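Here the structure comes first, spelled out in structure tokens, and everything after it is commentary.
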Amino acid sequence: MKTKRKDSPSEQRNKKKKEEKKSSGKVSNFEDMIAYVDENGMLSSTPPEIDPKKEEIKLEEIVIPTPKKEEEEPVILKGRVEFFNTSKGYGFIKDLSGTEKYFFHINNVLTEISEDDIVTFDLERGVKGMNAVNVSKA
């Protein structure tokens, strides 16, 4: 003959909670756990209403205007070869119109040059700043 064992206090509490849930009519299922986000970014427990007034926008119809870039005439700069190492193949040109110095490499030299020559050149952005390119004797 088996005797029925007595429930512990914690088991009695758990049973009581389960019975209260059943009697309250609240069902804990997936639908009760869903949260919705409205158009303002607020959480809501109700699904959003389908608004027929909203208009679909096609991606092809979106136009973002950008300002037209005006054609700039290339400015040919003049400078003096301040330093030129022929064995290593690089040098520096000091701009005649200012105090800027620009690095150049022998690959960007179009004619034979040497130190203290007056040269014309264009500028190109390099890794460490502006570099002189298309360097030729003036």
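Note that the structure is predicted; figures quoted are calculated from it, not measured.
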Ser114: side-chain hydrogen bond (donor to acceptor under 3.5 Å, both in side chains) partners, not counting sequence neighbours | Asp117
In chain order, what residues pass the side-chain contact (heavy atoms from CB on, under 4.5 Å) check against Asn40, with sequence neighbours excluded?
-> Asp38, Met42
Thr111 meets the side-chain hydrogen bond (donor to acceptor under 3.5 Å, both in side chains) criterion, sequence neighbours left out, with none
Asp116 vs Arg80 side-chain heavy atoms within contact, under 4.5 Å = yes
Residue set satisfying side-chain hydrogen bond (donor to acceptor under 3.5 Å, both in side chains) with Thr66, at least two apart, ordered chain then number -> none
Any residue meeting side-chain hydrogen bond (donor to acceptor under 3.5 Å, both in side chains) with Asn108, in chain and number order, not counting sequence neighbours = none
Please table the atom pairs, donor to acceptor, closer than 3.5 Å between any side-chain atom in residues 125-138 and protein atoms at least two apart or in another chain.
residue : atom : partner : partner atom : Å
Asn134  : ND2  : Asp122  : OD2          : 3.0
Ser136  : OG   : Thr120  : OG1          : 3.2

Residues passing the side-chain contact (heavy atoms from CB on, under 4.5 Å) test with Ile62, sequence neighbours excluded, are Ile57, Leu59, Ile64
Can you tell me how far the CG atom of Leu110 sits from the CZ atom of Phe121, to the nearest 0.5 Å?
-> 13.0 Å
Is there side-chain contact between Leu77 and Leu123, with heavy atoms separated by less than 4.5 Å?
-> yes
Listing, residues 90-107 side-chain donor-acceptor contacts under 3.5 Å, not counting sequence neighbours, or none:
residue : atom : partner : partner atom : Å
Asp95   : OD1  : Ser97   : N            : 3.3
Asp95   : OD1  : Ser97   : OG           : 3.3
Asp95   : OD2  : Ser97   : OG           : 3.2
Lys101  : NZ   : Glu82   : OE1          : 2.7
His105  : ND1  : Asn107  : N            : 3.1

